[in-house]
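For reference, the structure is listed below as structure tokens.
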Amino acid sequence: MTETEFNNSKLKVMLSAEQIKERIRQLGEQITNDYRGRDLLMIGVLKGACVFLSDLMRHIDLPMMVDFIAVTSYGAATKSSGEVRILKDSDASLRGRDVLIVEDIVDTGLTLSYLIDIFRRREAASVEIVAFLDKPERRIKHVDVKYVGFEIPNSFVVGYGLDYGERYRNLPFVGLVESLD
Ligand code: IMP
Ligand code: MG
């Protein structure tokens, strides 16, 4: 892995901007083929998915709509209970629509299994997930993730929307934090 510096923090490049760009082009093509003739509504999970969503949607060559939801998990102690709190709900009606949840990373799977449940209850025609990254080793709750950008090992990564204490979201690549400034 290449080492680099960003705002005085040492980072190892896990996925380069070029690798990400190519993979997103492929995902966009696949989603375009799968959703042709359907009523696609992409719902991005704030804040982490904002970079991924804005790149991905420009590779989807279909009429579609976009919306956002913001969630937070309850404190670490209760996290395994899978309780998720909605900070900002989606604005659109989901009834009869083909919802594609856009997430930055699937880790324990708790956030996404909660979101799938609530969106299904709102009578969406279909609910699928596209996740930029997947850390399968960390899974507590099984979720079917239809589209995955990259599977990564169990390590904490930042960049391309992903944060550490709200920082690093603006990195154009995915990096492993070696030391913080
Ligand atoms: P989970 O799947 O419910 O555990 O939650 C996934 C959420 O945890 C993601 O949306 C991220 O906000 C956060 N997260 C998990 N792993 C990482 C990481 O390696 N870097 C940054 N955020 C992470
Ligand atoms: Mg997140």
Side-chain angles (χ1 to χ4, degrees), residues 1-7 9-17 19-20 23-24 27 42-57 66-90 99-121 127-181:
M1 266 186 259
T2 330
E3 271 200 33
T4 188
E5 275 205 14
F6 184 78
N7 290 350
S9 301
K10 276 209 173 70
L11 295 156
K12 269 192 176 166
V13 180
M14 183 185 268
L15 301 166
S16 70
Q19 274 176 286
I20 295 170
R23 184 69 188 119
I24 285 175
L27 284 174
M42 293 176 85
I43 303 184
V45 185
L46 294 171
K47 306 172 194 167
C50 69
V51 180
F52 177 48
L53 173 60
S54 56
D55 281 346
L56 180 62
M57 68 192 289
V66 66
D67 204 350
F68 293 95
I69 191 165
V71 293
T72 186
S73 328
Y74 284 106
T78 58
K79 215 185 165 195
S80 56
S81 68
E83 272 181 274
V84 175
R85 191 157 57 98
I86 295 179
L87 301 176
K88 182 234 168 281
D89 207 339
S90 66
V99 172
L100 182 59
I101 305 173
V102 186
E103 179 58 306
D104 54 358
I105 186 165
V106 200
D107 189 28
T108 61
L110 295 171
T111 309
L112 281 171
S113 56
Y114 172 83
L115 288 179
I116 287 178
D117 278 356
I118 63 160
F119 290 165
R120 289 220 171 107
R121 269 189 258 132
V127 183
E128 299 288 357
I129 298 165
V130 55
F132 174 53
L133 301 176
D134 184 10
K135 279 200 269 197
E137 282 172 60
R138 294 256 309 163
R139 204 73 89 250
I140 291 172
K141 209 157 188 175
H142 171 81
V143 270
D144 282 316
V145 185
K146 184 151 187 196
Y147 310 96
V148 172
F150 301 90
E151 252 189 35
I152 61 164
N154 181 15
S155 45
F156 197 84
V157 294
V158 295
Y160 201 73
L162 290 131
D163 73 307
Y164 175 76
E166 292 298 327
R167 294 175 60 207
Y168 302 101
R169 293 194 199 273
N170 57 325
L171 282 180
F173 58 89
V174 171
L176 274 171
V177 184
E178 300 221 290
S179 71
L180 302 168
D181 64 331

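Computed from a predicted model, the values in this text were never measured in an experiment. Just so you know, ligand 1 is whichever comes first in the structure, and atom 1 is the first atom listed for that ligand.
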Heavy-atom distance to atom 10 (O) of ligand 1: which of Val84, Val143, Leu176, Asp104 wins?
Asp104
Hey, which atoms in ligand 1 end up nearer than 4.0 Å to a heavy atom of Ser155?
19 (O)
Gly109 to ligand 1, any heavy atom closer than 4.0 Å:
yes
Between Asp104 and Lys47, is the closest basic N to carboxylate O distance under 4.0 Å?
no
Could you tell me, atom by atom, which parts of ligand 1 come under 4.0 Å of a heavy atom of Asp163?
21 (C)
Sequence-distant partners of Asp163, side chain to side chain contact (heavy atoms under 4.5 Å, CB included), two or more places apart
Glu166, Arg169
Numbered in order shown, the ligand 1 atoms found under 4.0 Å of a heavy atom of Asp107 are 1 (P), 2 (O), 4 (O), 6 (C), 15 (C), 16 (N)
Only heavy atoms count here, so choose which of Phe156, Tyr164, Tyr168 is nearest to atom 21 (C) of ligand 1.
Phe156
Which atom names give the shortest non-hydrogen contact between Val143 and Val106, and what distance separates them?
CG2-CG1, 3.9 Å
Contacting atoms of ligand 1, where contact means under 4.0 angstrom from a heavy atom of Leu162:
20 (N), 21 (C), 22 (N)
Val158 near ligand 1 by a heavy-atom separation under 4.0 Å:
no
Nearest non-hydrogen contact with atom 5 (O) of ligand 1 belongs to which option: Thr111, Val106, Leu112?
Thr111
Does some side-chain heavy atom of Thr108 sit less than 4.5 Å from a side-chain heavy atom of Arg139?
no
Please evaluate residues Leu11 and Leu171 with respect to the criterion side-chain contact (heavy atoms from CB on, under 4.5 Å), reporting the C-alpha separation (whole Å), side-chain torsions for both, the decisive distance (0.1 Å), and the verdict.
CA-CA 10 Å; Leu11 295 156; Leu171 282 180; 3.9 Å; yes
Indicate whether any N or O donor in one side chain lies under 3.5 Å from an N or O acceptor in the other, for Tyr160 and Asp55.
yes
Does Ala49 come within less than 4.0 Å of ligand 1, judged by its heavy atoms?
no
Option with minimal heavy-atom separation from atom 7 (C) of ligand 1, where the choices are Ile105, Thr108, Leu133:
Ile105
Could you name the option among Lys141, Lys135, Glu103 that has the heavy atom nearest to atom 19 (O) of ligand 1?
Lys135
Test: salt bridge (Lys or Arg N to Asp or Glu O under 4.0 Å). Region: residues 145-162. Which pairs qualify, not counting sequence neighbours?
none
Side-chain contact test, heavy atoms from C-beta onward, threshold under 4.5 Å: evaluate it for Phe150 versus Leu15 and give yes or no.
yes
